[in-house]
Structure formats: structure tokens, C-alpha cells
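The structure under discussion appears below in the form of C-alpha cells.
All values below were derived from every heavy atom in this structure, side-chain atoms included, with hydrogens, water molecules and symmetry-related copies excluded. Small disclaimer: the values here were computed from a predicted structure and weren't measured.
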Amino acid sequence: MNILIAGGGIGGLTAALCLAKRGHRVRVLEQATAIGEVGAGIQLSPNATRVLFDLGLESALAAVAFRPDATEMRHWRTGRLIAATPLGDDALQTYGFPYFHIHRGDLIAVLEAAVHAHPLVELLTSARIEKIEEARECVQAESTCGSFEADVLIGADGIRSVVRATLFGPAQPQFTGNIAWRFLIPANALPAGMIRPAATAWWGPGGHVVHYFVRRGELVNCVFVREQSGWEVESWTEPGDPEELRAVFLGWHEHVQTLTHHARRENLFKWALFDRTPMPAWGRGRITLLGDACHPTLPFMAQGAAMAIEDAAVLAQCLAVKVAVKLEVAPALQRYEELRKTRTAGIQTGSRRNAEIFHMRGIKAWVRDRAAGKAAGNRLAAVYRYDALAVGAKSQS
Ligand SMILES: Cc1cc2nc3c(=O)[nH]c(=O)nc-3n(C[C@H](O)[C@H](O)[C@H](O)COP(=O)(O)OP(=O)(O)OC[C@H]3O[C@@H](n4cnc5c(N)ncnc54)[C@H](O)[C@@H]3O)c2cc1C
């Protein structure tokens, strides 16, 4: 089939590779002038690396990633270890695939190189999809670089998806009441041993802080989150004010405060976090959605991109069955939705729930700390164990 993808982010590029692997011709339209990602980190859990390795990206990813030993939850002021989950070799043995920390730019560069190397994928930049029309036997899209016709259109165009708005109207995502600051620090600028080889989360009243190594351990990715209303700018490029960051996290553990002293006007970004409640439907006819376009998620389970990657694998398998192009595309897309909606809705609500858990105060926080270890470990195991390739394969039986 000829498949058109709106959006060349992590979801769109992964979908292009999964679909091309199954013999489809894919065209990706990306609105930006060049494929790229912001300077920030991303955690890739085994449920995501499983799909990326199946695309042959294992060595390219391993060359730029950092493999953490564990996730660690710490008390915001004392630094006491509240709970820990082993990763490293443990994750590899348990799930068969590694847990990676990676710079977003490095991940997108790996995906883009694979896309360029694939003869069945064409990637166009400065190509913003503006209008979509569905006919009985095809779908047409008008973009800033021309009109295109395809058998299937996939909206992988992010939280403000034009494809989603065309299908279901202009309802906006919701502000979650959380503000995040993010920045990267060269690892050698920090006191030796201060950053452990783990994804460390500091849980505090009304906020939390996450940091971890990326790019083979050369950089430390920092995300500072605070409940705050009255400011709702959602942009990856909105500058942050280091003084404001330092004031908000005053009184936190000295390691946390040391990190804030490395935030500079030129490397600090601030944005409001949005999500949506799970959508009852993702598509219509020959059109469907994927990734943040249909299930934007708070990053508090570190699973938004992983969900887009899983979507890509399942969708490609649903379209790998011998679909009679004229008649059977819509049922195949419907099957994809059915296979994915419960899983992604669980991650959306779980991420919201984590906002409450991470930010508890007083006695609630005390009770949480005593129960945290086992419960968190069990929940994460279920998330990481998911095999999108096997789930998708079921659609072929
Ligand atoms: C602070 C933070 C930390 C996070 N950490 C993690 C993590 O550790 N692990 C994890 O798995 N997830 C994480 N996430 C979530 C993750 O970043 C997103 O879920 C993921 O990037 C979604 O990918 P996507 O391809 O669906 O959408 P996007 O990345 O938004 O890509 C959409 C693309 O579509 C393009 N586009 C938009 N409109 C059009 C149009 N009309 N025509 C053509 N192109 C268009 C955009 O330019 C963009 O390139 C985090 C998110 C945040 C905010």
C-alpha cells in the first residue's frame, strides 16, 4: 500500500520503518524545515527497545545511549532512598531487552538515518499537512509542499494534531496543573560521584525532580516539575528563568540545589504539561492516529514515546495481513485501535496518578514511602513486559 504519515517525530519515523519493513511504500511529511529534536533526554524502557531492535537499530542505539543500573526514588530533602528498581543486566535478563537513557537528538538521528537508508520510505520536510479529504478508495492530503494521495493516512502529528482535529473537532488538550523545567549539564561539570548511574527521582511536596545520564554518560538530563497554575505555555523552546528555578527548589536536598546552579538562561527551558483523557475513537475509514496525536500523556511514567513506538509496531502488523486495499483497510485500522486503546489509556491514567503519588505531602507521603517499593516494581514490570510485536502478530491470526 501507499501510506502517508503526518509528522516526522519519534512516532512517525518509527511507524515509517515498521511499515516499510512489511513492504509498504511510505511517505512522511514533516512540517519543520529539518528533522530534529530538542536538547533533552528520554528514557527508553524494554517495551520500546524491543521494537527498535526489531528494526535493526540495536548497535546504533547502543553506541549513543547510557544503560542505567536502576531507578531510584529519594526523599526531596533528606535524600533517603524510598524505593529502587534494578535495571541494567537485571532488565536485560527479565525482559530480554535493555533499558536505555538517550538524548532525544541522538534517538531521532538514528531513526532518520534508517529512514533515509530505506528504499521504500520518502521523508519530506517543510511539508505541513493542512487539509485532508477521504474518498471511498483513497485519502487525499494537501500540504505546504503539494497534494498527496494514499491508501492510508496516519496522523503522527503530536499533541496538537491537525489530523485529530479534522476527524474529531478542535477540542484542546488539558493543562494538568504541572510546570516543567528541563536542561542538560555536562557530566564533568558536576562533583564526581554526585550523579549515580540511575534514573533518580526526588519526590517532594507539590513537585519532583528527575535526572539521569544520556549520551554515553557525557551529559546529565534534568527535569524539574512543580504544581503551579496561571502559566500555560506549551512549547519546547520557551526559555526558563534560572532564578525562578532556584527559588522554587530552595530547601531541597543539596544535590538538587547543585543542579539548579548549573541552569543557565541559554540552556533552561520551561513548559506547561498537557494531556488528554483517553479518546473513545482514534480514526475513521482510511485514517488513524498514533502517539501523542491520540494519547498525549504526562511524562511521569516515562512512557509517552514508548507508547508511540508500540503503536507503530502494532499498526504495521495490523496492516501486514493481506488487506484488500479497496475494502479492508478500515477494519484493519479498527483492529489496531482495539488492540492499543486499553494499554495506552492505562498509561495515561497511571501517569496522572503518579503526579499525585510523587507530590504527596505530610502523612500521605509518609504512608506512600512505606508502601512504594513493591507496588511500583510490580506496576513497572507489567509495563516493560508488553510485547508489541506479539500483540500485533495476533492480528494476523
Ligand atoms: C518532559 C518530558 C519528558 C518525557 N520523557 C519521556 C520518556 O522518558 N520516555 C518516553 O517514552 N516518553 C517521554 N516523553 C513523552 C514523549 O516526548 C512523547 O510522547 C513523544 O515525543 C511523542 O512522539 P510523537 O511522535 O507522537 O509526537 P511528537 O514528538 O510531538 O512529533 C510530532 C511531529 O509532527 C510534526 N507535525 C505536527 N503537525 C504537523 C502537520 N500538520 N504536518 C506535518 N507535520 C506535523 C511535528 O513537527 C513533530 O515533528 C516525555 C515528554 C515530556 C514533555
Side-chain angles (χ1 to χ4, degrees), residues 1-32 115 118-171 279-296 308 311-341 344 392 395:
M1 284 191 278
N2 287 309
I3 299 179
L4 196 59
I5 299 180
I10 295 166
L13 295 184
T14 307
L17 293 168
C18 290
L19 290 160
K21 183 172 172 164
R22 280 155 190 88
H24 298 297
R25 280 182 300 277
V26 187
R27 187 177 272 143
V28 182
L29 302 190
E30 166 55 47
Q31 66 180 1
V115 158
H118 204 297
L120 289 176
V121 188
E122 184 186 11
L123 174 59
L124 301 175
T125 50
S126 302
R128 176 175 166 76
I129 290 199
E130 294 189 319
K131 198 168 160 214
I132 298 151
E133 270 179 46
E134 203 192 350
R136 225 175 87 77
E137 294 186 358
C138 70
V139 53
Q140 285 163 344
E142 281 175 32
S143 80
T144 44
C145 79
S147 302
F148 299 93
E149 194 176 285
D151 300 310
V152 177
L153 170 69
I154 299 164
D157 49 346
I159 190 166
R160 312 255 171 208
S161 168
V162 167
V163 180
R164 194 208 63 81
T166 306
L167 292 174
F168 303 115
M279 291 168 53
W282 291 2
R284 194 178 64 213
R286 294 172 177 276
I287 307 173
T288 194
L289 303 172
L290 173 152
D292 277 11
C294 46
H295 44 71
D311 285 349
V314 175
L315 175 59
Q317 301 226 44
C318 289
L319 290 173
V321 267
K322 273 207 164 306
V323 172
V325 175
K326 303 262 179 280
L327 300 172
E328 293 165 20
V329 168
L333 297 183
Q334 202 60 45
R335 179 92 183 109
Y336 151 70
E337 241 187 69
E338 281 160 19
L339 287 171
R340 292 294 298 153
K341 273 197 302 213
T344 54
S395 74

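For the atom pair CZ of R284 and CG of L167, the computed distance is 5.0 Å after rounding to the nearest 0.5 Å. For the atom pair Q334 CD and W282 CH2, the distance stands at 11.5 Å (nearest 0.5 Å). Considering CD of E130 and OG of S143, their distance stands at 7.5 Å, rounded to 0.5 Å. Note that OG1 of T288 and CG of L333 are 5.5 Å apart. Values are rounded to the nearest 0.5 Å. Rounded to the nearest 0.5 angstrom, L29 CG and S126 OG are separated by 11.0 Å. Going from atom CG of L315 over to atom CD1 of I154 covers 4.5 Å, rounded to the nearest 0.5 Å.
Residues V163 and A6 approach most closely at CG2-CB, 3.9 Å, considering heavy atoms. Residues I5 and A16 share a closest heavy-atom pair of CD1-N, 3.6 Å. Closest non-hydrogen pair, N2 versus A150, comes out as O-CB, 3.5 Å. The shortest non-hydrogen separation linking A293 to L289 is O-CD1, 4.0 Å. Across all non-hydrogen atoms, the minimal contact from T125 to A32 is CB-O, 3.3 Å. Summarising the geometry of A127 relative to C145, their closest heavy-atom pair is CB-SG, 3.4 Å, with the distance given to 0.1 Å.
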Exercise for review: Evaluate the side-chain contact (heavy atoms from CB on, under 4.5 Å) criterion for residues H118 and V26: first the C-alpha distance (whole Å), next the side-chain angles of each, then the deciding distance (0.1 Å), finally the verdict.
Suggested key: CA-CA 10 Å; H118 204 297; V26 187; over 6 Å; no

Exercise for review: Apply side-chain contact (heavy atoms from CB on, under 4.5 Å) to M1 and V329, showing your working.
Suggested key: CA-CA 10 Å; M1 284 191 278; V329 168; 3.8 Å; yes

**Study point:** side-chain contact (heavy atoms from CB on, under 4.5 Å) evaluation trace for L290 with T14
**Key:** CA-CA 11 Å; L290 173 152; T14 307; over 6 Å; no

Practice item. Could you please spell out the steps behind the side-chain contact (heavy atoms from CB on, under 4.5 Å) verdict for C294 and T344? Key: CA-CA 9 Å; C294 46; T344 54; over 6 Å; no

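The closest side-chain heavy-atom distance from L319 to I3 is below 4.5 Å. L17 places a side-chain heavy atom less than 4.5 Å from the side chain of V115. Side chains of L153 and I129 form a contact here, defined as non-hydrogen atoms less than 4.5 Å apart. In this structure the side chain of L339 never reaches within 4.5 angstrom of the side chain of Q317, judged on heavy atoms.
Put simply, the side chain of D157 gets close to the backbone of V162: a donor and an acceptor are under 3.5 Å apart. With hydrogens and angles ignored, the 3.5 Å screen pairs a side-chain donor or acceptor of T144 with a backbone N or O of R128. Judged by distance alone, the side chain of E337 and the main-chain N or O of G283 form a donor-acceptor pair under 3.5 Å. For Q140 (side chain) and S147 (main-chain N/O), no donor-acceptor pair under 3.5 Å exists by modelled atom type. Of the possible donor and acceptor atoms, one in the side chain of R164 sits under 3.5 Å from a partner among the backbone N and O of G169. In this structure, the side chain of R22 engages the main chain of C18 through a donor-acceptor pair within 3.5 Å.
No side-chain N or O of D151 forms a donor-acceptor pair with one of H24 less than 3.5 Å apart.
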